[in-house]
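Just so we're on the same page: letters track the sequence lines, and every chain starts at 1. These numbers come from a predicted model, not from an experiment.
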2 protein chains.
Amino acid sequence: MTNVNQQEGGDEGSPSPGTSSHFEPQCGSCNLREICLPVGLPEEELAQLDRVVSQRRKVPQGQCLFRSGDRFAALYAVRSGFFKASTHLIETREQISGFSMAGELLGLDGISTGNHQLDVTALEDSEVCVIPYDQLEAVSRDAPGLQRQVHRVMSREIVREQGVMMLLGGMRAEERIAAFLLNLARRLQARGYSGRTMVLRMTREETGNYLGMTIETVSRTLSKMQAAGLVRLDKREVEILEPDRLVALLQR
Amino acid sequence: MTNVNQQEGGDEGSPSPGTSSHFEPQCGSCNLREICLPVGLPEEELAQLDRVVSQRRKVPQGQCLFRSGDRFAALYAVRSGFFKASTHLIETREQISGFSMAGELLGLDGISTGNHQLDVTALEDSEVCVIPYDQLEAVSRDAPGLQRQVHRVMSREIVREQGVMMLLGGMRAEERIAAFLLNLARRLQARGYSGRTMVLRMTREETGNYLGMTIETVSRTLSKMQAAGLVRLDKREVEILEPDRLVALLQR
DNA sequence: CGCAGAGTTGAGGCGCTTCAAGAGCGGTGG
DNA sequence: CCACCGCTCTTGAAGCGCCTCAACTCTGCG
């Protein structure tokens, strides 16, 4: 869950929120290479990607990676930690549109207009790899696999959001929570965690906002699931006791 | 609104639903060039795009442009007509994720896995320009503007969906309908229509599904808005009488 | 004319929100 | 040390918004 190179505050001289640092590029040997952008890239394109990904940036808990309105310059691959993405399309009303963990790409919202449209905030101390967009664009001209990979990731994001819409559009509280937990578990499992036990990095309020329900309903629904023996709860720790019955909740 | 070449069954041996036809490429002189992919492309890249977009396809009302599971081979630019896109992520439950009109791009959902994840259905007799994806990829290697444009369109789609999520996540019936009508009006206006009067191409059921509410609530909410003098209704025809008050509904 | 599909309208009930109170926990300072 | 505060979370009770069920209208069509 934490990082590989230097633990916290290794080098000083930070720009804006978060610390940037150069590092030896190594997408090819990164432990996230099977999940992140490098997936399936041939050796020579990996090397080209390495040339682009030359910087990392730390984002302490509570800090923004970027805010709505910020000039868009780079995509970010989550290296460690956990983020939330939210819109304020209408002032005074926040809508969380997703949560991101290691290996996932952030910043795609900025390409369209050249300015970011989302706020992205670290929910725990996190680190990202910086992928300057113009360099990525230039490099991927000679790296068809990489170009295609970028398209794939964007397309996946579009499809992911379809799922969220389905969740928000058609499901009741219990189904939403079930879908939410199963989704997190699946993603964690893909990253080598158990997929049975997990720690929610978001507050109940953030969960509720994301799922389109109030904090009280989140709490009640989770309690009810625990009473039914579906999960075991300990504050933000969740253990999925009966995944099959959770899945069954969605099949209705 | 109908077609250019031959009306239905002109040439036999058509592939799947819909008639395909070759045509003189002319993105540069298409009346949608300011809305569609060509936006802002230099002359020489336009020519390259023309080489890729060499086919049109008609899709009669009620027919699918593609279905979930279909092999992904091309993107489609809507030339005329109106489409709905829907998921069946969980069998038996449909969720409409969007409606598309002239100049908008369809098929982005297929890039991620190589198979489409959505059903896209024509809600009226429609026509699309076919953009074979591998050719687009190849061509955009030498056409940085085009490459960037594709990215932009995908990013815009991602951002668009954020808005829908906000709508589904946080709004009540009246706000959803208001947002829905204003969004349609804005898009029609961008295409040269009045933006005051429009004909809804979708049924109340489809509207409700998209907005995450029942057909009855859609109907009641529209009636209430009419009673309040916000809109005038005549079946599927909607006239927006007081846009400002509709906007105000969202500001809450 | 009768029928099917789309839409409207009404009545009642349920699920979620709202409002409110209190518990649990970490941090701070006397 | 514990009292106190702020924050998160839980739980209960009441109300309302939307859903469900049902009846009816309207339109197009054979």
A.B. asks: Please give, in whole Å, the distance from dC16(C) C1' to I177(A) CD1?
C.D. replies: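 One finds 13 Å between C1' of dC16(C) and CD1 of I177(A), rounded.
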A.B. asks: Among L200(A), V238(A), I240(A), which residue meets the side chain to side chain contact (heavy atoms under 4.5 Å, CB included) test with L184(A)?
C.D. replies: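 Considering L200(A), V238(A), I240(A), a side chain to side chain contact (heavy atoms under 4.5 Å, CB included) with L184(A) is found only for L200(A).
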A.B. asks: Would you indicate what G208(B) reaches in the nucleic acid, counting non-hydrogen atoms under 4.0 angstrom: base, sugar-phosphate, or nothing?
C.D. replies: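 Contact class for G208(B): none.
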A.B. asks: Picking from dG17(D), dT8(C), dC9(D), which would you name as closest to the side chain of R172(B)?
C.D. replies: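 Selected nucleotide (nearest to the side chain): dG17(D).
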A.B. asks: Ignoring backbone atoms, establish whether R236(B) has a side-chain N or O less than 4.0 Å from OP1 or OP2 of dA6(C).
C.D. replies: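 R236(B) to dA6(C) OP1/OP2: no side-chain N or O under 4.0 Å.
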A.B. asks: Please determine whether a side-chain nitrogen or oxygen atom of S219(A) lies at a distance below 4.0 Å from atom OP1 or OP2 of dT11(D).
C.D. replies: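 No, outside the criterion.
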A.B. asks: Check the phosphate of dT10(D) against R204(A), side-chain N and O only, distance under 4.0 Å to OP1 or OP2. Yes or no?
C.D. replies: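 Answer is yes, contact under 4.0 Å.
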A.B. asks: Whole Å only: how far is the CG atom of L233(B) from the P atom of dT8(C)?
C.D. replies: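 It works out to 7 Å between those atoms.
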A.B. asks: In whole angstroms, how far is the C1' atom of dC9(D) from the NZ atom of K224(A)?
C.D. replies: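 About 18 Å, once rounded to whole Å.
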A.B. asks: How many Å lie between CD on E205(A) and C1' on dT18(C), as a whole number?
C.D. replies: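 It is 14 Å, rounded to the nearest whole Å.
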A.B. asks: Which residue lies toward the 5' end of DNA chain C, M202(B) or K235(A), if each is placed at its nearest nucleotide?
C.D. replies: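 First, find each residue's nearest nucleotide; the 5'-ward one identifies M202(B).
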A.B. asks: Fit a plane to each ring of F99(A) and F82(A), take the angle between them on a 0 to 90° scale, and name the class: parallel (under 30°), tilted (30 to 60°) or perpendicular (over 60°).
C.D. replies: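 Taking F82(A) first and then F99(A), their aromatic rings lie parallel (interplane angle under 30°).
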A.B. asks: With no angle test and no hydrogens, is the base of dG7(C) tied to the side chain of R220(B) by a donor-acceptor pair under 3.5 Å?
C.D. replies: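 No.
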A.B. asks: Without decimals, in angstroms, what is the distance between E174(A) CD and dC14(C) C1'?
C.D. replies: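 For the pair E174(A) CD and dC14(C) C1', the rounded distance is 14 Å.
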A.B. asks: Under 3.5 Å, side chain of S155(A) to main-chain N/O of S112(B), donor-acceptor pair present?
C.D. replies: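 Such a contact is found between S155(A) side chain and S112(B) backbone.
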A.B. asks: In whole angstroms, how far is the C1' atom of dT25(D) from the CD1 atom of I215(B)?
C.D. replies: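 These atoms are roughly 14 Å apart.
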A.B. asks: Step by step, work out the side-chain contact (heavy atoms from CB on, under 4.5 Å) result for R156(B) and V159(B).
C.D. replies: CA-CA 5 Å; R156(B) 197 193 308 148; V159(B) 173; 5.6 Å; no
A.B. asks: Could you check whether R176(B) gets within reach of a base, just the sugar-phosphate, or nothing at all, counting any heavy atom under 4.0 Å?
C.D. replies: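 Touches nothing.
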A.B. asks: Mind checking T217(A) for me? I need base, sugar-phosphate or nothing, with any heavy atom below 4.0 Å counting as a touch.
C.D. replies: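 Base: the residue T217(A), judged by heavy atoms under 4.0 Å, touches a nucleobase.
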A.B. asks: Using side-chain contact (heavy atoms from CB on, under 4.5 Å), reason through R204(A) and L222(A) one step at a time and then give a plain yes or no.
C.D. replies: CA-CA 10 Å; R204(A) 294 281 190 271; L222(A) 282 172; 3.7 Å; yes
A.B. asks: Quiz question: going by heavy-atom distance under 3.5 Å, is there a donor-acceptor pair between the base of dC21(D) and the side chain of E216(B)?
C.D. replies: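 Donor-acceptor pair under 3.5 Å: yes.
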